[in-house]
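Everything on this sheet refers to the single structure shown next.
Since this is a predicted model, take the numbers as computed values, not measurements. Computed from heavy atoms alone, side chains included, the values below leave out hydrogens, waters and symmetry copies.
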Amino acid sequence: TIGGSAPRRPPVSIEVLAPEVKLSEIIDEARLTDQLWHLPIGIGDSNLEIACWELGEGDGALVAGSSRSGRSSTLVAIAATVSRHRPDVEILAFTPRPSPLRDLPEIRVSDGDPGPVLADLPTDGRYLVLIDDADFVADASGALQRFLADRPRHVRVVAAGRADVLRTTYGHWTQEVRRARTGLILDPSPLIDGDLFGVQLPRHTGPRLPTGRGYLVSGGEVELTQAAMA
């Protein structure tokens, strides 16, 4: 315009991944049929939409990360989601060390050997098994590994443990959980932690990721994700 400044376009708003996601923001997106669980885990960075796991019958998933990276909190959020949408599914938790899972009244918690307990589960029920601090569960008898190798259709297992330990422990039972190539790698070491699922992680050169942030892996696909906290 003559005698005036040209009109300016407002700056484009660039949204970024929030440092915290509440479970209430994603929990209603769960779709848990007997055959397939569409299980929301957090918000993905690529389009800021809900990032999910797909767990079929007998499938497992692994949450790996360093201490205080949000592993146990992720298990709590998963338990809350399943309890809300599938009250008919019995939730069992095995916690060899102190864990917030022990504070949930809707689940059955044990600090014993998971193998014999799981082997005796009735096959006419539906179960979610959560194993916290999986790197402390030795499975000396091999019962847990044999149970997971059979992929019983009535049980889904989600285990959580330290990435550095699980990555270097040969023959650990969590290798059976990783077969579905589904999981979450929190506070990752990009050059080596992808080996847990046979994927390549993007390099991260910025500051340390906030608690609960890492790479969600599902079907071989990888996405930076902020996991929801209950």
Side-chain angles (χ1 to χ4, degrees), residues 15 17-18 20-65 70-93 101 104 106-107 118 121 123-132 134 148 150-160 174 176-186 188 194 196-199 201 212-230:
E15 297 185 4
L17 196 58
E20 180 179 327
V21 174
K22 296 180 180 179
L23 181 60
S24 59
E25 299 175 41
I26 69 170
I27 192 171
D28 289 336
E29 294 300 314
R31 301 291 182 269
L32 310 181
T33 68
D34 284 348
Q35 293 74 33
L36 183 64
W37 283 13
H38 185 77
L39 188 63
I41 299 298
I43 300 295
D45 182 60
S46 61
N47 52 18
L48 299 183
E49 294 182 355
I50 295 173
C52 298
W53 286 340
E54 299 283 348
L55 294 179
E57 293 178 302
D59 279 346
L62 178 69
V63 180
R71 300 188 317 255
S72 298
S73 297
T74 300
L75 294 185
V76 170
I78 291 170
T81 300
V82 174
S83 177
R84 174 168 173 170
H85 288 274
R86 290 295 303 266
D88 60 307
V89 172
E90 184 175 357
I91 304 175
L92 291 77
L101 289 172
L104 302 182
E106 65 269 26
I107 67 179
L118 300 184
L121 289 179
T123 57
D124 57 350
R126 298 278 176 176
Y127 303 91
L128 169 65
V129 176
L130 304 173
I131 304 178
D132 205 358
L148 295 173
D150 289 338
R151 293 193 64 184
R153 298 177 62 183
H154 61 302
V155 178
R156 289 173 172 88
V157 177
V158 181
T174 49
E176 297 294 340
V177 179
R178 290 153 44 189
R179 285 185 302 172
R181 299 182 69 191
T182 300
L184 181 66
I185 308 173
L186 299 170
L196 287 167
F197 301 98
V199 298
L201 300 181
R213 184 167 300 182
Y215 291 103
L216 182 140
V217 181
S218 184
E221 300 293 325
V222 178
E223 181 171 20
L224 184 65
T225 298
Q226 183 68 40
M229 300 290 130

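When every heavy atom of Gln226 is checked against every heavy atom of Leu17, the shortest pair comes out as N-CD2, 3.9 Å. Across Ala51 and Thr225, no two heavy atoms sit closer than the pair CB-OG1, 3.9 Å. Summarising the geometry of Leu75 relative to Leu130, their closest heavy-atom pair is O-CD1, 3.9 Å, with the distance given to 0.1 Å. Residues Ala61 and Val177 approach most closely at O-CG1, 3.1 Å, considering heavy atoms. Taking each heavy atom of Leu186 and Gly70 in turn, the nearest pair found is CD1-C, 3.5 Å. Pairing each heavy atom of Arg213 with each of Pro188, the nearest pair is O-CD, 4.5 Å.
Without hydrogens or angle criteria, Glu25 side chain to Lys22 main chain gives a donor-acceptor distance under 3.5 Å. Looking at Arg31, its side chain never comes within 3.5 Å of a backbone N or O of His38 through a donor-acceptor pair.
Thr182 pairs by the side chain to side chain donor-acceptor pair (under 3.5 Å) definition with nothing, not counting sequence neighbours.
A heavy-atom distance below 4.5 Å is not found between the side chains of Val222 and Phe197. The shortest distance between side-chain heavy atoms of Asn47 and Glu223 falls below 4.5 Å. Between Ile78 and Ile41, some side-chain heavy-atom pair lies under the 4.5 Å cut-off. With a 4.5 Å cut-off on side-chain heavy atoms, Tyr215 and Val199 do not count as touching. No side-chain heavy atom of Tyr127 sits under 4.5 Å from any side-chain heavy atom of Leu118. In this structure, Leu39 and Val82 have side chains that are in contact, with non-hydrogen atoms separated by less than 4.5 Å. Using a 4.5 Å heavy-atom threshold, the side chains of Thr74 and Met229 count as touching. Leu92 has its side chain within reach of Leu121: a pair of non-hydrogen atoms, C-beta onward, lies under 4.5 Å apart.
Between the CG atom in Leu62 and the CD1 atom in Ile131 there is a gap of 10.5 Å [rounded to 0.5 Å]. To the nearest 0.5 Å, the span separating CD on Glu90 from CG on Leu128 amounts to 10.5 Å. From Ile43, atom CD1 reaches atom CG of Leu216 across 11.5 Å, with rounding to the nearest 0.5 Å. Taken from OG in Ser83 to CD1 in Ile27, the straight-line distance is 8.5 Å, to the nearest 0.5 Å. Atom CG of residue Asp124 and atom NE2 of residue His154 lie 8.5 Å apart, to the nearest 0.5 angstrom. Atom-to-atom distance recorded for Asp150:CG and Glu176:CD is 9.0 Å, nearest 0.5 angstrom.
Within the structure, salt bridge (charged side-chain N to carboxylate O under 4.0 Å, His left out) pairs that include any residue of residues 39-62 comprise Glu57-Arg126, Glu57-Arg153, Asp59-Arg151 (at least two apart or interchain).
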Apply side chain to side chain contact (heavy atoms under 4.5 Å, CB included) to Leu196 and Thr174, showing your working.
-> CA-CA 10 Å; Leu196 287 167; Thr174 49; over 6 Å; no
Could you give me the CA-CA distance, side-chain angles and deciding distance for Val217 and Leu184, then say whether side chain to side chain contact (heavy atoms under 4.5 Å, CB included) is met?
-> CA-CA 6 Å; Val217 181; Leu184 181 66; over 6 Å; no
